[in-house]
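One-based numbering, in listed order, for ligands and for the atoms of each. The chain is numbered in sequence order, starting from 1.
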Amino acid sequence: MSAALSITSLSKAFAGVRAIDDLSFEVPEGKAVALIGPNGAGKTTVFNLVSGVYPVDQGVILVKGVDVTNMPSRKRISTGVARSFQNIRLMAHLSVLENLLVGQHVRNASLWSLLTPYRLAPNHRWKREALKALAESGLDGYAYDTVGALPYGVRKRIDLVRATLAGASVLMLDEPAAGLNPTETNALREDLRALKSRGLTLLVVEHDMQFVESVCENVVVLNFGQKIAEGPLSVVRQDRLVREAYLGAEEET
Ligand SMILES: Nc1ncnc2c1ncn2[C@@H]1O[C@H](COP(=O)(O)OP(=O)(O)OP(=O)(O)O)[C@@H](O)[C@H]1O
Ligand SMILES: [Mg+2]
């Protein structure tokens with residue numbers, strides 16, 4: 001099976017501290033892998049390295065076989081990799097649809113066309129695509145609502161729609177279920193299952209293990225930037241090193 005995302009011998013230090021230490025793992029095409037580990041283990045840093053927020057110190061990152069290791073961040077989007085952030089990045093004063101369209105512009109367009117009044121083009125292809133994506137998640141009823149007025153769980157799901165637009169095929173989600181109530185979590189779970197059934201590949205950072213178990217085939221466990229275990233959650237959670245890593249983290253708090 002081919003890997004949609006392949007990370008080999010990846011390392012990154014901040015001020016001499018190894019945040020990611022010789023890390024290797026793969027996410028097979030169409031599968032979901034969870035990246036788990038205690039606070040500060042390096043999970044978000046992996047996302048930042050894959051999306052090009054920071055340069056790597058060492059290692060190779062392939063997205064669908066394309067070497068993106070030294071590719072500018074903007075260009076990586078064209079390989080199909082997209083992400084959500086630990087904190088939602090939507091503009092509260094704009095409508096849902098406007099947020100999605102701004103995202104489309106940032107991805108596709110020149111600076112000049114950013115300034116064109118996209119609201120005047122009712123039948124624009126991007127608008128049709130955005131409405132279709134909303135409808136696929138059952139969120140089309142919110143298209144013209146102002147984002148700031150919507151419940152947190154709906155905003156998170158809209159942020160997910162934003163990340164999937166523009167042909168994303170490898171999606172990295174940083175704590176998608178954090179702060180959601182059980183109903184919202186179920187809706188998100190269904191969204192992610194639907195994305196997988198459409199062939200998308202997911203790399204998910206998530207602390208909710210029930211959620212991980214119901215969405216992801218495999219987990220990769222990080223501790224101090226190193227991979228300490230990998231496999232199905234049911235197996236990995238029995239692992240001595242994994243238990244120690246989590247107990248250690250609990251004792252600190
Ligand atoms: N820009 C940065 N500058 C300096 N240190 C950083 C930077 N980004 C991350 N780090 C450090 O790298 C380590 C890994 O951080 P990271 O944010 O990747 O952890 P995490 O696993 O996502 O944690 P959490 O579960 O709390 O979100 C931490 O020690 C953190 O302080
Ligand atoms: Mg993090």
| field | Atoms in ligand 1 with a heavy atom of A19 nearer than 4.0 Å | value | 12 (O), 13 (C)
| Check: R237 main-chain N/O paired with R243 side-chain donor or acceptor under 3.5 Å | yes
| field | Test of proximity, G37 against ligand 1: N or O pairs below 3.5 Å | value | no
| remark: Smallest heavy-atom separation, A32 atom then K196 atom, equals CB-CD, 3.8 Å
| note | So the atoms of ligand 1 within less than 4.0 Å of a heavy atom of H207 turn out to be 25 (O)
| Proximity flag Y54 to ligand 1, non-hydrogen atoms under 4.0 Å | yes
| Any donor-acceptor pair under 3.5 Å linking the side chain of T201 with the backbone of A4? | no
| query | Relative to atom 14 (C) of ligand 1, which among A13, A178, G40 owns the nearest non-hydrogen atom? | reply | G40
| message | Would the distance check show the side chain of R193 and the main-chain N or O of S214 forming a donor-acceptor pair, the cut-off being under 3.5 Å? | response | yes
| Backbone or side chain, does any N or O of G42 fall under 3.5 Å from an N or O of ligand 1? | yes
| Between R157 and S137, is there a donor-acceptor pair closer than 3.5 Å when you use the side chain of the first and the backbone of the second? | yes
| Is the closest side-chain donor-acceptor distance between S169 and K64 under 3.5 Å? | yes
| Any N, O or S atom of T45 closer than 2.8 Å to the Mg ion (ligand 2) | no
| message | So if I count the atoms of ligand 1 from 1 in the order they appear, which ones are less than 4.0 Å from some heavy atom of T45? | response | 9 (C), 14 (C), 15 (O), 16 (P), 18 (O)
